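Just so you know, these numbers come straight off a predicted model, no measurement behind them. A note on names: the letters A, B, ... follow the listed sequences, proteins ahead of strands, and every chain is numbered from 1. Computed from heavy atoms alone, side chains included, the values below leave out hydrogens, waters and symmetry copies.
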Number of protein chains: 2
Amino acid sequence: MENRKNQEAKHPIQVAARRSGLSPDVIRVWERRYQAISPTRSGTNRRLYNDEDIERLLLLSQVTAAGRRIGDVAGLDMEQLREMVWEDRSAEVRLPAPVRVDAGSLPARHLSYCIKAVSELDGETLESSLNHARAALAPIVLMEQVMMPLMHLIGERWYTGSMRAAEEHMTTPIVRATLWSLKNSHRAEDNAPELLVATPAGQRHELGALMAAVVAASDGWRVTYLGSDLPATEIAAAAVTRNVSAIALSVTYPSDDPAIGGELNILTGTVPAVVLVGGVASAAYRDGIRRAGAIEVPTTAVLRAELRKLRASSGRPGNGALHG
Amino acid sequence: MENRKNQEAKHPIQVAARRSGLSPDVIRVWERRYQAISPTRSGTNRRLYNDEDIERLLLLSQVTAAGRRIGDVAGLDMEQLREMVWEDRSAEVRLPAPVRVDAGSLPARHLSYCIKAVSELDGETLESSLNHARAALAPIVLMEQVMMPLMHLIGERWYTGSMRAAEEHMTTPIVRATLWSLKNSHRAEDNAPELLVATPAGQRHELGALMAAVVAASDGWRVTYLGSDLPATEIAAAAVTRNVSAIALSVTYPSDDPAIGGELNILTGTVPAVVLVGGVASAAYRDGIRRAGAIEVPTTAVLRAELRKLRASSGRPGNGALHG
DNA sequence: ATAATATTGACAAATTATATACAAGCTTGT
DNA sequence: ACAAGCTTGTATATAATTTGTCAATATTAT
């Protein structure tokens, strides 16, 4: 689907405009003044763009949105433009911080109650155990030292055969509901920065994404939560609609197929927002993440740090990239 | 859906207009000017469209709505049109269409607030709208006249291209959380009958299952909720562990593969519990349900009736007066 | 008979192309 | 710092083209 660019397909200027985010006027004037593209013409003199023309327009709209002048970049070839987009993105990329794990006794006690309830398929008790833990522990501790070990342990026992899938299926909605109410216990202020949280296509486990949502909400962000298994084009569209300054993705399946990289490229290529990627499998995609100009966020602590950095430097860099 | 195209069925132009969203005038002029379709004629010269003609008209209306000119695309074949629709939908970054709703009854008014919030991807407002509706309406009314129409409408608009998948993905977790808290607002008594609620393997939409859980919980059942996409063997194992007297399943995808029937047979064959099957696609599995000895539950009202019958026949005596 | 459909012709609205103008934001030179 | 000039997106005007809608008339359906 990706290398299948159909060079024959000719698109009218309206389609080129919608896909690139530029207005037809700008497309025409870029052609006239700088020969930025050279569409063919129909029998009645209408401009016809092929897929490469449109990709070029998209690249040009990105580099100009990054502050460059159209007159300076109109003559560059595709490869130079692509490289320039990457450079502009990776200017924001920073290296992640180390990780730390702790095994305390109080969280461990709560965890053991939860495990007991799970092994008896007792949803009611699991729910009240989690609520007790929630009252006794800080949200981060609850998530990192109760919920995450709980899910991990269930998965492990399922793998070794001492637990069934049913246990995991009973636990997930309950943990999910607890996370949701945790997230909702924070009310975003009117001028709060906007964050999109989702799980890319093919990734169906959403607890990691919900934890990211909780972290962000507790840090004052307004979070739009899009759940799991959403194609990059949809995430991009939502990001434009909400005009978010950052997107957080959670990945849990490591995959031999580097499609996640392709999805990431779509995102970083079409949306003027910082893309953060976390989840237990994020390390497996490290190269793709870096290449796409996204930021790897291995832990909730790093996520929080990156969010704070973003908020501090929030000059709203890509504010006018796409006009309405 | 796919092999069910009846090539014999001939529809008058009014039907073609309704289904494609085009006016009869436009359909005729597209035929006259561009030979976009070639309907057969009746003995008295009326145009007669078959299902493929109508699908073609629908595709053409979609690609023109995406900015293409009818003169450019009228000659393409079905496959090219389908691909074009797909490409346009995924390449476009903006939200397609406006919304309009009419306010009538009380539930309809709540629904219209929800729809507005959804179309603006405003999760916060959607959530508070649902909470208002929850406070103002009975749970059954909330589910059947607000939540279900809302999800249905979103699906419909996604199908016609005026909404994106992102809207649905934002809405589902919020509706789900509301249902969950609805379910948790009922506390089961110690001697309450036990019910298992899940979605069989391959069925990933869990909202219907959650509604069943709410109905049962509000009727005094202790509900163990197992979420979505769970193989029958797992459901059976959980049913034995919890010693439930009934299992409620929700199916939303109709499938040519009668595997659901096989799954049902596993359940009814291994577990001494009544199996109830509901959900928007339950009618499609009617034969398999009946053959497996399960009960089809087309509506929440029927579900409630069946649950009460079960409780009256096998439940504890002296527990009859819970509520009316 | 009233309503719907078919045919033809015409027309208005929308889109497009081209050229020109203009305003806001920069460089640059002093 | 300030003015002049350049850059760049947007707006206007005009002509050509495309496209949706309407009107008039004849035929058919209910």
Side-chain angles (χ1 to χ4, degrees), chain A residues 10-49 53-54 56-76 272 315-324, chain B residues 10-50 53-54 57-76 88 97-98:
Chain A
K10 302 295 189 189
H11 311 282
I13 195 170
Q14 201 65 233
V15 170
R18 296 204 194 181
R19 289 199 188 176
S20 63
L22 300 166
S23 77
D25 274 326
V26 169
I27 294 178
R28 277 191 285 260
V29 86
W30 281 5
E31 175 188 341
R32 188 178 100 207
R33 291 179 181 156
Y34 320 103
Q35 293 81 47
I37 64 276
S38 306
T40 58
R41 299 294 182 122
S42 76
T44 56
N45 204 29
R46 262 81 243 254
R47 289 175 174 81
L48 292 176
Y49 301 84
D53 292 330
I54 292 182
R56 182 176 179 80
L57 286 171
L58 182 58
L59 288 170
L60 287 173
S61 95
Q62 290 177 248
V63 296
T64 53
R68 301 179 187 273
R69 310 167 50 147
I70 180 60
D72 296 340
V73 296
L76 302 180
R316 250 165 291 169
N319 205 7
L322 301 177
H323 32 243
Chain B
K10 303 295 189 185
H11 309 282
I13 195 170
Q14 204 60 238
V15 172
R18 288 279 171 124
R19 291 207 199 159
S20 62
L22 301 166
S23 77
D25 271 326
V26 169
I27 294 178
R28 277 191 284 260
V29 86
W30 281 5
E31 176 187 341
R32 183 175 71 184
R33 290 181 181 151
Y34 319 104
Q35 292 82 45
I37 63 277
S38 305
T40 58
R41 300 295 182 119
S42 75
T44 57
N45 205 29
R46 260 67 185 138
R47 289 176 174 82
L48 293 177
Y49 301 84
N50 62 25
D53 291 329
I54 293 181
L57 286 171
L58 183 58
L59 289 171
L60 287 173
S61 91
Q62 288 179 298
V63 295
T64 52
R68 301 184 182 274
R69 336 187 96 226
I70 180 60
D72 293 343
V73 297
L76 302 180
D88 288 344

Next on the checklist: Does A:R47 form a side chain to side chain contact (heavy atoms under 4.5 Å, CB included) with A:R41? I'd like the steps, not just the answer.
Outcome noted: CA-CA 5 Å; A:R47 289 175 174 81; A:R41 299 294 182 122; 3.4 Å; yes
Item to check | Audit row: B:R68, A:H11, side chain to side chain contact (heavy atoms under 4.5 Å, CB included) steps and yes/no | outcome: CA-CA 7 Å; B:R68 301 184 182 274; A:H11 311 282; 2.9 Å; yes
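Within the model, atoms CZ of B:R69 and CD1 of A:I13 stand 10.0 Å from one another, a figure rounded to the nearest 0.5 Å. The CG atom of B:L60 sits 7.5 Å away from the CD1 atom of B:I37 when rounded to the nearest 0.5 Å.
At D:dT8, none of the side-chain N or O atoms of A:W30 fall inside 4.0 Å of OP1 or OP2 (strictly under the cut-off). Using a 4.0 Å cut-off, some side-chain N or O of A:Y34 falls inside it from OP1 or OP2 of D:dT8.
With respect to A:R56 and A:D53, no salt bridge is recorded, no charged nitrogen being found less than 4.0 Å from a carboxylate O.
Residues B:W30 and B:T64 form a side-chain contact, since some pair of their non-hydrogen atoms from C-beta on lies under 4.5 Å apart.
Summary of the strand contacts: B:T44 and B:G71 both lie near DNA chain D, and taking for each the nucleotide with the nearest heavy atom, the more 5' one is attributed to B:G71.
Nucleic acid contact for B:S42: none, since no nucleic acid atom lies under 4.0 Å from a heavy atom of the residue.
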Checklist outcome for this item: Whether each nucleotide of nucleotides 7-16 of chain C has a protein heavy atom under 4.0 Å at its base (B), only at its sugar-phosphate (S) or at neither (-) is summarised, 5' to 3', as BBBB----SB
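D:dT10 atom P lies 12 Å from atom CD1 of A:I27, rounded to whole Å.
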